[in-house]
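The structure appears below as structure tokens.
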Amino acid sequence: MKPTILLTGKSGQLGSELNRLLPKLGEVIAPERNELDLRDPEQMRQVMRSTKPQLIVNAAAYTAVDAAETDESNALAVNAEAPRLLAVEAKKIGAMLVHFSTDYVFDGAKKAPYVETDHPNPLNAYGRTKLAGEEAIRNSGVAHLIFRTSWVYATHGRNFLLTILRLATEREELRVVADQVGAPTCALDLAEAATRILAGMIAGDKSQFPSPEPVGTYHMTAAGQTSWYEFATAILEEARRTPQNLPWLASATKGRPLIARRLVPISTEEFPLPARRPTNSVLSNARLKQVFAVALPDWRTQLQRCFSPERTPANFPVAVSSR
Ligand SMILES: NC(=O)c1ccc[n+]([C@@H]2O[C@H](COP(=O)([O-])OP(=O)(O)OC[C@H]3O[C@@H](n4cnc5c(N)ncnc54)[C@H](OP(=O)(O)O)[C@@H]3O)[C@@H](O)[C@H]2O)c1
């Protein structure tokens with residue numbers, strides 16, 4: 001028997017990719033937001049009790065980093081109180097919880113990639129609420145995997161890739177922050193890696209799921225590192241060498257030509273935002289590779305694959321034995 005999987009956030013960047021991949025592993029129940037609102041504890045309990053999932057994949061989050069500065073209580077409800085409740089309910093029914101967190105739990109002062117055991121010290125409200133969510137899950141004692149990722153983008157949704165493409169149709173000069181480094185991670189690569197790990201866990205123990213496998217917190221980002229400025233430069237390079245009728249690209253540019261001629265590197269101080277961001281957002285993925293033998297492609301490769309017409313989730317090979 002394949003597990004029943006409860007997926008939250010199916011309209012999001014990551015959630016929509018997971019919604020296409022997870023059915024390879026089990027029966028996926030992915031409620032609409034009005035059917036499962038993470039600010040509604042009673043509704044969450046009811047959904048958990050009626051669906052009785054073996055696996056909960058929480059791809060929903062309050063991700064508006066700047067808005068969270070003045071809306072921390074709502075961000076806390078979605079990013080911390082809801083994961084806590086999911087964890088408590090999951091533990092009661094013996095289910096496993098998979099959750100996603102962020103590089104923004106760190107302050108960015110470290111001069112090397114962050115490892116899982118580094119001390120978190122969020123600079124902004126979003127990071128504080130995501131850290132509180134992580135801690136609630138760890139403290140609950142539920143079988144869990146927390147994947148911390150960074151700079152997530154997709155060919156849909158609201159993200160840096162689509163913003164740069166839009167701005168490049170509107171302005172000849174783009175000024176982009178060059179003193180923050182991180183690893184831009186494509187939602188599809190992230191979903192594939194998480195699905196691959198879950199496939200291995202489900203296939204690995206035919207008698208029991210969740211199995212007593214290595215649970216815990218893992219960093220899961222693209223390999224390599226870059227700045228927002230270099231990422232923007234790469235986006236425009238790829239866009240210029242790609243046929244403009246690629247459907248998602250045509251939609252991002254609304255069919256208008258890319259007129260941006262100059263990209264100007266600027267400092268964080270020159271582009272003030274409500275929420276402070278870490279200077280160094282790079283997360284070491286060594287533990288993920290060591291424990292699960294999974295490594296995501298380099299950020300530039302991920303970006304190139306986004307612009308490739310062949311890049312579809314249908315190509316994803318998941319081998320799961322039936323149970
Ligand atoms: N985006 C990034 O750059 C980034 C970086 C690091 C880590 N992460 C983490 O990666 C994970 C996935 O992020 P993402 O970029 O895919 O997020 P996203 O595109 O913003 O999607 C968030 C999802 O959560 C849903 N949601 C929000 N509030 C909800 C509520 N009260 N009840 C139910 N659903 C709710 C949204 O539904 P609606 O569509 O109805 O709003 C949407 O489906 C999150 O845990 C995030 O914290 C993201």
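Whatever order the structure lists them in is the order used to number ligands and atoms, beginning at 1.
- Using a 4.5 Å cut-off between side-chain heavy atoms of Ile, Leu, Val, Met, Phe, Trp and Tyr, with links allowed through other members, V282 and W299 fall into different hydrophobic clusters.
- Regarding atom 31 (N) of ligand 1, its nearest protein heavy-atom neighbour is D37 OD1, 3.0 Å.
- Partner of R277 under the side chain to side chain donor-acceptor pair (under 3.5 Å) criterion, chosen from D66, D103, N124: D66.
- V177 and V152 end up in different hydrophobic clusters when Ile, Leu, Val, Met, Phe, Trp and Tyr side chains are linked at under 4.5 Å.
- The closest side-chain donor-acceptor pair between T268 and Q180 falls under 3.5 angstrom.
- Among A60, A154, A64, the residue whose heavy atom lies closest to atom 34 (N) of ligand 1 is A60.
- Nearest residue to atom 32 (N) of ligand 1 from L38, V105, T102 is L38 (criterion: closest heavy atom).
- Checked by atom type, the side-chain pair D179/S267 shows no donor-acceptor distance below 3.5 Å.
- A heavy-atom distance below 4.5 Å is not found between the side chains of V176 and F231.
- Of the protein's non-hydrogen atoms, R33 NH1, 2.8 Å is the one closest to atom 41 (O) of ligand 1.
- An N or O contact shorter than 3.5 Å is missing between S150 and ligand 1 by distance.
- The N/O atoms of D103, backbone and side chain alike, include none that comes under 3.5 Å of an N/O atom in ligand 1.
- Transitive grouping of hydrophobic side chains (ILVMFWY, heavy atoms separated by less than 4.5 Å) brings L303 and L165 into a common cluster.
- Ion pairing between a basic and an acidic side chain is recognised when a charged N comes within 4.0 Å of a carboxylate O; E32 and K10 show such pairing.
- For ligand 1, the atoms lying closer than 4.0 Å to a non-hydrogen atom of L14 are 12 (C), 16 (O).
- Note on L7 and M44: separate hydrophobic clusters, where clusters join Ile, Leu, Val, Met, Phe, Trp and Tyr whose side-chain heavy atoms are under 4.5 Å apart, directly or indirectly.
- Compare P83, G157, S11 by their heavy atoms: the one nearest to atom 37 (O) of ligand 1 is in S11.
- In terms of protein heavy atoms, atom 6 (C) of ligand 1 is closest to T149 O, 3.3 Å.
- Here is the list of ligand 1 atoms found below 4.0 Å of a heavy atom in L36: 32 (N), 33 (C).
- The nearest protein atom to atom 11 (C) of ligand 1, hydrogens excluded, is given as F100 CB, 3.8 Å; this is a heavy-atom distance.
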| field | Step-by-step salt bridge (Lys or Arg N to Asp or Glu O under 4.0 Å) determination, R261 to E172 | value | CA-CA 5 Å; R261 297 279 163 262; E172 290 198 348; 6.0 Å; no
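- Within the 4.0 Å heavy-atom criterion, neither part of A82 lies near ligand 1.
- Considering backbone and side-chain N/O atoms, G9 comes within less than 3.5 Å of an N/O atom of ligand 1.
- Polar contact with ligand 1: present for G12 (N/O pair, distance under 3.5 Å).
- The aromatic rings of F292 and F147 sit perpendicular to each other, their planes meeting at more than 60°, with 30° as the lower class boundary.
- Listed by atom number, the atoms of ligand 1 under 4.0 Å from K130 heavy atoms are 44 (C), 45 (O), 46 (C), 47 (O).
- Protein heavy atom at the shortest distance from atom 44 (C) of ligand 1 is A61 CB, 3.5 Å.
- Only the backbone of W151 comes within contact range of ligand 1, with a heavy atom under 4.0 Å; no side-chain atom does.
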| request: Show the numbers, then the answer: is there a salt bridge (Lys or Arg N to Asp or Glu O under 4.0 Å) between R39 and E81? | output: CA-CA 8 Å; R39 291 166 308 178; E81 288 158 20; over 6 Å; no
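- Contact annotation: for S101 versus ligand 1, heavy atoms closer than 4.0 Å belong to the backbone alone.
- Counting protein heavy atoms only, atom 15 (O) of ligand 1 is closest to Q13 NE2, 2.9 Å.
- Proximity of V152 to ligand 1, defined as any heavy-atom pair under 4.0 Å, is shared by backbone and side chain alike.
- A 4.5 Å side-chain heavy-atom check between R287 and V115 finds every atom pair outside the cut-off.
- Distance from atom 8 (N) of ligand 1 to its nearest protein heavy atom, with residue and atom name: Y126 OH, 3.7 Å.
- Distance from atom 17 (O) of ligand 1 to its nearest protein heavy atom, with residue and atom name: T63 CG2, 3.4 Å.
- Of all atoms in ligand 1, listed by their number and element, those nearer than 4.0 Å to a heavy atom of A59 are 12 (C).
- For R276, the CZ atom counts as loosely surrounded, since its 6.0 Å shell holds 12 or fewer non-hydrogen atoms of other residues, nucleotides or ligands.
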